[in-house]
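Below is one structure; the comments refer to it alone.
Note that the coordinates shown come from a computational prediction; the quantities given were computed from them, not determined experimentally. We count residues from 1, following the sequence as given.
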Amino acid sequence: MKQKRSKVILIGSVIILIAAGIVSFNYLDQKLVKIHQHFLYCQLITLEMSPNDTIGILNSVRSSDYVYNENLQEVWGNFSDPMIKHLFGGPARLSFSNQKYVATSIAVEGSTWLPVKCQ
């Protein structure tokens, strides 16, 4: 009876440790993604940049494909390299007003767009 109880406690402890590890890993991964997004969309690309300057920076990142849509005043595109896409996010829309960079939104889970916060 005592041996059964200790096995149950051991298995329960292992399951709790695995769950805690998965949660910690996911949290650190999301933090890393946010740091990379902030670096690209808030520090490398700055508010005084034009669409052409912005596309120049984005196209210098490995396996990127970005174009400027003059009608919507947006740069849209994506990274095809899986690791780069994971670090910087999926499809992105960079908005401009009067030829100056305003903000970035990144697609998550299909048609939901989340803004990159630069504060």
Side-chain angles (χ1 to χ4, degrees):
M1 187 70 149
K2 211 173 192 183
Q3 193 176 15
K4 238 182 185 179
R5 181 187 283 168
S6 62
K7 272 188 181 180
V8 168
I9 291 172
L10 179 64
I11 291 171
S13 299
V14 168
I15 290 172
I16 289 171
L17 285 173
I18 289 171
I22 290 170
V23 168
S24 296
F25 180 76
N26 284 339
Y27 173 77
L28 290 173
D29 184 51
Q30 289 304 312
K31 195 81 167 155
L32 183 66
V33 167
K34 285 194 188 313
I35 288 168
H36 278 84
Q37 288 176 351
H38 189 274
F39 173 69
L40 179 62
Y41 298 115
C42 302
Q43 292 179 316
L44 285 183
I45 298 171
T46 58
L47 293 176
E48 56 276 352
M49 283 191 161
S50 70
N52 289 337
D53 296 333
T54 302
I55 288 177
I57 286 179
L58 289 168
N59 285 336
S60 70
V61 179
R62 186 176 79 222
S63 301
S64 65
D65 182 25
Y66 279 82
V67 294
Y68 181 55
N69 181 324
E70 253 180 87
N71 296 334
L72 294 175
Q73 291 193 25
E74 286 182 344
V75 168
W76 343 331
N78 204 351
F79 301 105
S80 56
D81 181 281
M83 179 60 76
I84 299 293
K85 183 184 284 190
H86 178 74
L87 289 174
F88 291 114
R93 296 189 305 205
L94 290 82
S95 302
F96 291 80
S97 177
N98 299 322
Q99 296 292 307
K100 301 290 182 200
Y101 174 63
V102 178
T104 300
S105 297
I106 294 174
V108 289
E109 297 177 13
S111 61
T112 303
W113 291 86
L114 292 179
V116 175
K117 296 184 178 142
C118 288
Q119 293 84 324

Exercise. Please check if atom CG in N26 has more than 12 non-hydrogen atoms from other residues, nucleotides or ligands closer than 6.0 Å.
Key: yes
Exercise. Look at atom CD of Q43 and say whether more than 12 heavy atoms of other residues, nucleotides or ligands are closer to it than 6.0 Å.
Key: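 Counting other residues, nucleotides and ligands, CD of Q43 exceeds 12 neighbours.
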Would a single hydrophobic cluster contain both [Y] and [X], if residues Ile, Leu, Val, Met, Phe, Trp and Tyr are joined by side-chain heavy-atom contacts under 4.5 Å?
X	Y	result
L58	L44	yes
L47	I45	yes
Y68	L94	yes
V61	V33	no
F39	Y66	yes

Self-check item: Which atom of A92 lies closest to which atom of T104, heavy atoms considered
Solution: CB-CG2, 4.4 Å
Practice problem: Please list, chain by chain and in numerical order, all residues satisfying salt bridge (Lys or Arg N to Asp or Glu O under 4.0 Å) with D81, sequence neighbours excluded. | Solution: R62
Practice problem: In sequence, state the C-alpha distance, the side-chain angles, and the governing distance for T46 and Y101, and then conclude on side chain to side chain contact (heavy atoms under 4.5 Å, CB included). | Solution: CA-CA 7 Å; T46 58; Y101 174 63; over 6 Å; no
Quiz item: Roughly how far apart are S24 OG and L17 CG, rounded to 0.5 Å?
Solution: 10.5 Å
Quiz item: Roughly how far, to the nearest 0.5 Å, is CD1 of I106 from CG of L40?
Solution: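 So the gap between those two atoms works out to 8.0 Å.
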Practice problem: Under the side chain to side chain contact (heavy atoms under 4.5 Å, CB included) rule, what do C42 and V116 come out as? Steps first, then yes or no, please. | Solution: CA-CA 8 Å; C42 302; V116 175; 4.1 Å; yes
Practice problem: Measure the shortest side-chain to side-chain distance between S97 and V102 over non-hydrogen atoms and say whether it is less than 4.5 angstrom. | Solution: yes
Practice problem: Please tell me if the side chains of F96 and P51 come closer than 4.5 Å, counting only heavy atoms from C-beta onward. | Solution: yes
Practice problem: Dump the intermediate steps for side chain to side chain contact (heavy atoms under 4.5 Å, CB included) on M49 and I57, then the final yes or no. | Solution: CA-CA 10 Å; M49 283 191 161; I57 286 179; 3.3 Å; yes
Quiz item: Yes or no on side chain to side chain contact (heavy atoms under 4.5 Å, CB included) for W113 and R93, after CA distance, side-chain angles and deciding distance?
Solution: CA-CA 9 Å; W113 291 86; R93 296 189 305 205; 3.4 Å; yes
